[in-house]
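This report concerns only the one structure given below.
What you see is a predicted model; the values in this text were computed from it and never measured. Just so you know, ligand 1 is whichever comes first in the structure, and atom 1 is the first atom listed for that ligand.
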Amino acid sequence: MGRKYLALAGALCIVAVTAGGCKSSEEETVKNIKIGVTLYDQYDTFLSEMMTEFTEYAADKEEESKVTINLEILDASKSQLTQNEQVKSLIEKGCNVVCVNLVDRTEPTTITDLAENNNVPIIFFNRELVAEDLERWKDLYYVGADASESGTLEGELAADAFKENAAMDKNSDGICQYVVLEGEAGHQDSIVRTEYSVNTMVEKGVETEKLGYAIANWNRAQAQTKTAAMLTQFNGKIELIIANNDDMALGAIDALKASQIPKEEWPGVVGIDGTDAGLDAVRNEEMLGTVYNDKEGQAQEMLNLAFAIATNGTKENIPLIDGKYVRTPYHKVTQDNIEDYENKQGAVD
Ligand code: GAL
């Protein structure tokens, strides 16, 4: 189709749109789009699993829409400066939209300025910037989940287990002695999950006593080292380990396995994410339960939003809150419903 003909078709379509008729002209003519992605750390388990889903959804969408989708996924290796440069280069390479998993969620300004100056929309995801920063320009979006919900559900899992299983109260004092493994300092999911998990236990009638905490940056190896130290420090007193994510819960389990403590005397361990290894640990009864962070849902919503933006298509089917946010719900996973999640059907209650 020649350029002139396209322009004419576009003009005709715009007339029809005003009359309430056909789809956006550009949506019909776009044949090729480019979506850039930059990750705070490609070795983060949850995000790498989410990106696998994202890439698969992009392939499905390409097939279904007949629009060629060029994806470029970059790793910022935990450097905000590197990420700023990556966004600049993705924009220069002609990305129609860039998905940004901010390294430092308090430092989005360079990226939002680049976006506005070049008129390239940004979808932030997983690491939530403060609401005022998302308001800085009309074409800034956020895809993620509500941190407080994950903390609440983790607290419910822990409270139910403590109430139902008398053996968890090792010293039989009726109080749950716990430690927390926290993600990165300053990350919304570390701060909010820690607060809500414990508050929920208390609201559900469990008396709690915090023995200690350690920051393990979402990381399994760090969590193993820090848990080993706490097991020694609190010598047999820990009844519950609340981890802000599954990788850290798995690190705690690694430390328990390496200790002399028999499995029946392990403290309860709860996590969040429902990563493949996290689900295995629930299945093997090493973890009491986890909270499913819907990576399939987040990947799909982000792809749909990016596609709609890049093709100038409709956002009608995207569950945008306040025109800016997409949030997927979390779900509790225990022995009772683990099959639903192992089957990778996405979040099913
Ligand atoms: C959280 C997730 C963690 C980690 C973190 C990175 O939502 O639960 O496992 O991936 O995001 O920002």
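Looking at Asn244, Ile241, Val269, Asn219 one by one, the single match for side-chain contact (heavy atoms from CB on, under 4.5 Å) with Leu181 turns out to be Ile241.
Ligand 1 lies out of reach of Glu49, whose nearest heavy atom is not under 4.0 Å from it.
For atom 4 (C) of ligand 1, the choice among Asp44, Ile272, Leu39, Val291 with the nearest heavy atom turns out to be Asp44. Heavy-atom proximity to atom 7 (O) of ligand 1, evaluated over Asp189, Asn217, Thr275, is greatest for Asp189. Selection from Val103, Asn126, Asn293, Asn219 by nearest heavy atom to atom 12 (O) of ligand 1 gives Asn126.
Checked against a 3.5 angstrom limit, the closest N/O atoms of Asn244 and ligand 1 fall outside it. Distances between N or O atoms of Asn101 and those of ligand 1 include no value under 3.5 Å.
Shown in contact with Asn245 at under 4.0 Å from a heavy atom are these atoms of ligand 1, numbered in order with element: 3 (C), 9 (O). Taking every heavy atom of His187 and a limit of under 4.0 angstrom, the matching atoms of ligand 1 come to 5 (C), 6 (C), 11 (O), 12 (O).
In this structure Glu62 satisfies the salt bridge (Lys or Arg N to Asp or Glu O under 4.0 Å) test with no other residue, sequence neighbours excluded. In this structure Lys170 satisfies the side chain to side chain donor-acceptor pair (under 3.5 Å) test with no other residue, sequence neighbours excluded.
Salt bridge Lys295/Glu49: present, at least one basic N to carboxylate O contact under 4.0 Å.
With respect to atom 9 (O) of ligand 1, the closest heavy atom belonging to the protein is Asp273 OD2, 2.6 Å.
A donor and an acceptor atom, one from each side chain of Gln300 and Asn304, are nowhere located under 3.5 Å apart.
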(request) Check step by step if side-chain hydrogen bond (donor to acceptor under 3.5 Å, both in side chains) holds for Asn245 and Asp247. (result) CA-CA 6 Å; Asn245 80 340; Asp247 261 11; 5.2 Å; no

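The neighbour count for Tyr196 OH, taken as heavy atoms of other residues, nucleotides or ligands under 6.0 Å away, does not exceed 12.
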